Amino acid sequence: MDTAELSPDNAARWDLRGEVPPEVLRSLGRQGVLCAEVPEQYGGPGLSSLDNGALTAEVGEVCGSVRSVMTSQGIAAATLLRFGSDQQRRAYLRPLTGGATAAVAFSEGGAGSDLSAVATEIRATGGGLTVTGSKTWVTGAVYATWIVVFGRWEAGAGIVLVPAEAPGVTVERIADPLGCRAAGHAQVTLDRVRLPADHLLGGAGMPIAMLATSALTYGRVSVAWGCVGIIRACLRAASGHAATRKVAGTPLREHQLVQRHLAELLAAERTATLVCEQASRQCDDRAPEHVSTAVLAKHVAARNAATAAATAVQVLASAGARDGQVVARAYRDAKLMEIIEGSTEICQLLLADRALAVWA
Ligand SMILES: Cc1cc2nc3c(=O)[nH]c(=O)nc-3n(C[C@H](O)[C@H](O)[C@H](O)COP(=O)(O)OP(=O)(O)OC[C@H]3O[C@@H](n4cnc5c(N)ncnc54)[C@H](O)[C@@H]3O)c2cc1C
């Protein structure tokens, strides 16, 4: 795959500018990088979760914003694969591996951690559908061709595929996000958006928790691998700095307290990688516990990334304390990983359920 554009220098520039050049995303999309698990029959590379994880970590080590878009596009594709009819898969998955981009909208002002509070309404009207609501923090929406929207449908929930250019759709960029600044986060308003009936995916009427589970599971594994990438970037930067910087004539690498930082960074990288590998293997095997292991992977990797990034900034000190520095960007990006795809607290609640089910 040609990922030459994905260099740390470009990632720093995109972060400062708040935008990845759309042609870079189109090129990555055409190579199948953005949703690499789409099977070959639908035009994708058909990677396993494990191989896609390695790719996600590679991208995440260089650019958290592109990795974020990759996660969103992967969730959109996984949702289409899970709930789309064969006709919908054929119609929409090929474009997604051909340069089109997709974002996924669950969250609303009043429904973040608690998705049961989603108020966006999808209704059957006049032989078609009407969608009305307001979504927030939709990653990649600024670049998106389609937005996969989760809303209320009859007594349960439904998922619709909304063309970003449909009349009634407004995409408003969220200014100055803390991190992943070029990921194209946006507020998406849906004002009586009219869609053909076949834009509703299967599973309509099921509770939103059931519809969201496969999307969130894919997203958690993807974010966890992205965190592995962040940790590797921090480990590389901190080790390189400690190996070359001298303070009062002594190389930093010879100070035991700095060595402790490097040891903790290595431990963070190893534990996050191992739990991600386990989660991906279980996804590939469709093991019954893969949903819970995805939560564990996301939780461990996100916490490790946030701690590792803070440690790396400490090792580089002033050399890492400016926008444009790898560790400064990692520090901002990593904090957000503790909020998305199930915050640290939501993951802890889910893991506590698992602990009680298995160990009580
Ligand atoms: C960078 C970024 C990208 C995002 N991308 C997307 C996207 O692509 N699509 C999308 O739909 N959404 C996206 N989101 C939204 C994200 O999913 C929500 O921010 C997240 O679910 C948390 O919701 P909230 O921000 O409303 O926090 P709240 O739900 O208000 O929670 C606030 C705090 O309370 C804690 N909390 C909540 N409930 C409990 C509880 N029961 N017990 C203990 N603690 C609790 C939370 O962990 C959190 O720390 C994104 C957000 C960010 C910041």
Side-chain angles (χ1 to χ4, degrees), residues 15 18 20 34-35 60 63-79 101-120 131 133-144 146-152 157 159-162 164 171-190 208-209 211-220 222-224 226-227 230 295 298-299 302-303 305-306 309 329-353:
D15 186 64
V20 180
L34 298 182
C35 48
C63 181
S65 291
V66 172
R67 198 281 310 147
S68 299
V69 172
M70 189 175 176
T71 296
S72 295
Q73 179 115 341
I75 296 176
T79 304
T101 43
V104 182
F106 306 95
S107 305
E108 300 175 3
S113 304
D114 176 19
L115 287 181
S116 69
V118 160
T120 293
V131 188
S134 181
K135 297 292 186 181
T136 191
W137 278 101
V138 183
T139 300
V142 162
Y143 308 114
W146 289 303
I147 305 171
V148 175
V149 173
F150 286 67
R152 308 184 81 81
I159 310 168
V160 277
L161 203 58
V162 178
V171 176
E172 214 177 320
R173 182 188 287 274
I174 291 175
D176 306 323
L178 171 67
C180 301
R181 288 177 176 165
H185 308 111
Q187 181 82 21
V188 176
T189 309
L190 305 147
I208 195 160
L211 290 184
T213 296
S214 72
L216 287 174
T217 298
Y218 181 97
R220 283 168 182 155
S222 179
V223 166
C227 289
I230 292 175
V295 176
K298 193 272 166 180
H299 180 58
R303 282 224 308 207
R329 183 156 47 88
Y331 185 73
R332 292 186 281 97
D333 291 356
K335 184 61 210 168
L336 295 181
M337 301 304 107
E338 291 198 294
I339 296 171
I340 59 171
E341 305 303 328
S343 63
T344 295
E345 291 78 8
I346 296 302
C347 288
Q348 285 167 332
L349 293 177
L350 295 169
L351 292 171
D353 284 347

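Please read these numbers as outputs of a predicted model, since none were measured by experiment. FYI, side chains are in, hydrogens and waters are out, and symmetry mates aren't considered; it's all heavy atoms of this structure. Read the numbers this way: they start at 1 and go in the same order the structure lists the ligands and their atoms.
Side-chain atoms of Gln187 and Ser134 include a donor-acceptor pair closer than 3.5 Å. Residues Glu172 and Thr189 have side chains that never bring a donor and an acceptor to within less than 3.5 angstrom of each other.
Between Ser113 and ligand 1, at least one pair of N/O atoms sits closer than 3.5 Å. Residue-to-ligand polar distances keep Glu341 apart from ligand 1: every N/O pair is separated by 3.5 Å or more. Of the polar atoms of Thr139, at least one N or O is found under 3.5 Å from an N or O of ligand 1, judged by distance alone. When only interatomic distances are considered, the shortest N/O to N/O separation between Phe106 and ligand 1 falls below 3.5 Å. Checking only distances, Val138 never comes within under 3.5 Å of ligand 1, N or O to N or O.
The ligand atoms of ligand 1 that sit less than 4.0 angstrom from a heavy atom of Ala105 are 11 (O). When each atom of ligand 1 is checked for a heavy atom of Leu336 under 4.0 Å away, the hits are 1 (C). Listed by number with element, the atoms of ligand 1 under 4.0 Å from a non-hydrogen atom of Leu349 are 40 (C), 41 (N), 42 (N).
Considering all non-hydrogen atoms of both residues, Cys347 and Lys298 come closest at SG-CD, 4.0 Å. The shortest heavy-atom contact between Ala215 and Ile75 is CB-CG2, 3.6 Å. When every heavy atom of Cys35 is checked against every heavy atom of Ala77, the shortest pair comes out as CB-CB, 3.9 Å. Counting all heavy atoms, side chain and backbone alike, Met337 lies closest to Cys180 at CE-SG, 3.8 Å.
Checked by atom type and distance alone, the side chain of Lys135 pairs as donor or acceptor with a backbone atom of Phe106 at under 3.5 Å. Side-chain atoms of Arg220 come within 3.5 Å of backbone atoms of Glu341 as a donor-acceptor pair (strictly under, hydrogens ignored).
The protein atom (non-hydrogen) at minimum distance from atom 14 (N) of ligand 1 is Trp137 O, 3.5 Å. Looking from atom 19 (O) of ligand 1 to the surrounding protein, the closest heavy atom is Ile339 CG2, 3.8 Å. The protein heavy-atom contact nearest to atom 45 (C) of ligand 1 is Glu345 CB, 4.2 Å. Of all protein heavy atoms, the one lying nearest to atom 26 (O) of ligand 1 is Gly112 CA, 3.4 Å. Shortest contact from atom 46 (C) of ligand 1 to any protein heavy atom: Ser343 OG, 3.6 Å. The protein non-hydrogen atom at the shortest distance from atom 9 (N) of ligand 1 is Val104 O, 2.9 Å. Of the protein's heavy atoms, Ser107 OG, 4.1 Å lies nearest to atom 18 (C) of ligand 1.
Partners of Arg332 by salt bridge (charged side-chain N to carboxylate O under 4.0 Å, His left out), not counting sequence neighbours, listed by chain and number: Asp15, Asp323. Here Tyr143 pairs with nothing under the ring pair (Phe, Tyr, Trp, His ring centres under 6.0 Å) rule; sequence neighbours left out.
For atom 34 (O) of ligand 1, no protein heavy-atom neighbour is found at a distance under 4.0 Å. Put simply, atom 28 (P) of ligand 1 has protein non-hydrogen atoms near it, under 4.0 Å away.
Residue contacts with ligand 1, taken as heavy atom pairs separated by less than 4.0 Å, involve His185 solely via side-chain atoms from C-beta onward.
Here the shortest heavy-atom distance to atom 2 (C) of ligand 1, taken over Ile346, Val149, Ile340, belongs to Ile340.
Heavy atoms of Cys180 stay at 4.0 angstrom or farther from ligand 1.
Each of Val131, Val160, Val188 was scored for a side-chain contact (heavy atoms from CB on, under 4.5 Å) with Thr120, with one residue passing: Val131.
More than 12 non-hydrogen atoms from other residues, nucleotides or ligands lie less than 6.0 angstrom from CG of Asp114.
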